[in-house]
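Note on naming: letters A, B, ... go to the chains in the order of the sequence lines (proteins, then strands), and numbering restarts at 1 for each one. Note that the structure is a prediction, hence the values are computed from the model and not measured. Hydrogens, waters and symmetry mates play no part in the numbers below; they use all other heavy atoms, side chains included.
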Amino acid sequence: MIRLVGLTKTYPEGSYALRDVHLEVGRGEFVFVTGSSGAGKTTLLRLLLRQETPTRGQIFLDGQDLAALPRSRVSAHRRSIGVVFQDFKLIRRKHALDNVAYVLNVQGVSRAEQRRRAYLALKGVGLHHRLGLTPAALSAGEQQRVAIARAVVTEPALLLADEPTGNLDPDLAVEIMRLFREINARGTTVLVATHDRDLVRRMQRRTVVLEHGQLVDAGVSS
Amino acid sequence: MGRLRYFVSDAADEWRHSPGVNVVATATLASALFVAGLMTLVLSNVHARIVQVRSDAPVDVFLEDGVSEAARADLERRLAAIPGVGEVRHVGKDEALRRFRESFGGVADLVTDLEANPLPASLEVMLAPRTDGAEVASRIRRDLEREDGVEEIRYDQAWLDRVDALLSLARVGGAGVALLVFAAVAFVMASVLRLAVYARRDEIEIMLLVGATPAFVRGPFLVAGLFHGLVASVVSVALVEVARRAALGWGSSHPAAILGLVAGRPLDGGLVAVVVGTGLAVGLVGAFLAVRGIRA
């Protein structure tokens, strides 16, 4: 599903964020990308989300070279991916239901269908009783579950998560990982960037290790 | 339709959550449109006054004595068909005499001492407001001077030239000022709305990251711009009328004849529509300039 060929990303001052990375991730896999801060995990996710383009090499998603993706198709590409961020990135003035429904709204789904599917997604993360609250009225764990509901409500083939447990205590982190495992069990490919090695060990999934932008361990596909 | 409904509801939702920046944007636009409305009021009043002055100096087509009713009617018809001719009035010999007596009371006896009324009948031609008066008058002379029944055609060429020059100045000046005001207001509006966009930059980033197209993100801002324009223009038109009445009220107790010249008539329906249309256009253009930088 994902194929990186000699992927390299440098920044203007010349430092490498990623350096000649070769990697393949199959459909339906659950993969952790680990490494210390600055290893290149977030850059990899930004490249997959087409927030950035590679300096060299190629990055394929379902055979499509993302570097060659025209600007006019970037939004459609992002709509095909679910994404979860460390800082949740919820729209503050919208309540939980509308935050989840927003991605369906973007796709042109009818208002009634948006609400029905957003409700089911929130129910899937155990937050349907909090759907009328804005992010400010939700705990950090609840906000992250809303973000996960938003990421999966369109039933994407790929879910990206960038340090999704970075702002949560250990018990909540385990709870979030349980949700990711359930999503993966339904066939969604899940790619989680995290520096939490304890969590990665407990989950026992394929783990890709980056150090200073270079791939030092591609892990073993399950 | 569903998308437009979302743009409207999201713009309204944003108003509720950030009233401050929206009130500032509307007030800024209303202030600028108020100034533009006052200028429109003054220019329209001055223009109307000049048109009125020109109609006080008609083109006179003097008729020969004994011209038949049919010939006179034919001349009237031909005059009315000339582009730029507003109204054609028949002034009979008796009416001409009455006017002479009114104008020259002291020497009126000179005429009454004669056995017959020596003053000729005439066709008084009023020029339409938006025409080149000197050109129309010259065409009337060219077309009708040699016709049977026409004794003489008379008008004040120099006066018409001066009035036409003033009218052109009022129109060109008005258009130039309107263009400058439009550009300045659109720039100010864009700056204020850019603040609104900046205040929502995190939200915009989130929307783009989850797959919203730039057009989808821009939509509510454009609707909000239109709404700012509508509210601001309606408020400014009301304020112009309040200011006009206040000025006339003050002028009634002070010797300020110029107030009647520049504010005697309110903005008519057409000019109100122009101000509201300008408000909508400025709101939309300002919003567009503010959000054009939003890209995936």
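- Note that CG of A:Leu49 and OG1 of A:Thr42 are 11.5 Å apart. Values are rounded to the nearest 0.5 Å.
- Two rings, from B:Phe221 and B:Phe288, have their centers 6.0 Å or more apart.
- Of the two parts of A:Asp98, neither the backbone nor the side chain holds a non-hydrogen atom closer than 4.5 Å to a non-hydrogen atom of chain B.
- A donor-acceptor contact shorter than 3.5 Å is absent between the side chain of A:Arg92 and the backbone of A:Thr134.
- The backbone N or O of B:Tyr198 lies less than 3.5 Å from a partner atom in the side chain of B:Arg201, making a donor-acceptor pair.
- Although no hydrogens or angles enter the test, the distance criterion places no donor-acceptor pair under 3.5 Å between the side chain of A:Thr207 and the main chain of A:Phe32.
- Options A:Arg93, A:Gln107, A:Lys89, A:Arg111 differ in how many heavy-atom pairs under 4.5 Å they form with chain B, and the most are formed by A:Arg93.
- When only modelled atom types and interatomic distance are considered, A:Tyr11 and A:Thr43 share a side-chain donor-acceptor pair under 3.5 Å.
- For a residue to count as touching a neighbouring chain, one of its non-hydrogen atoms must lie under 4.5 Å from one of that chain's; by this rule A:Ile81 does not touch chain B.
- The choice from B:Asp202, B:Leu208, B:Val217, B:Leu209 that makes the most heavy-atom pairs within less than 4.5 Å of chain A is B:Leu209.
- Contact annotation for residues 9-17 of chain B against chain A (heavy-atom separation below 4.5 Å, listed by residue number): B:Asp10, B:Asp13, B:Glu14, B:His17.
- Looking only at distances, no side-chain donor or acceptor of A:Lys41 sits under 3.5 Å from a matching main-chain atom of A:Thr194.
- A salt bridge links A:Lys9 with A:Glu52: the distance from a Lys NZ or Arg NE/NH1/NH2 to an Asp or Glu carboxylate oxygen falls below 4.0 Å.
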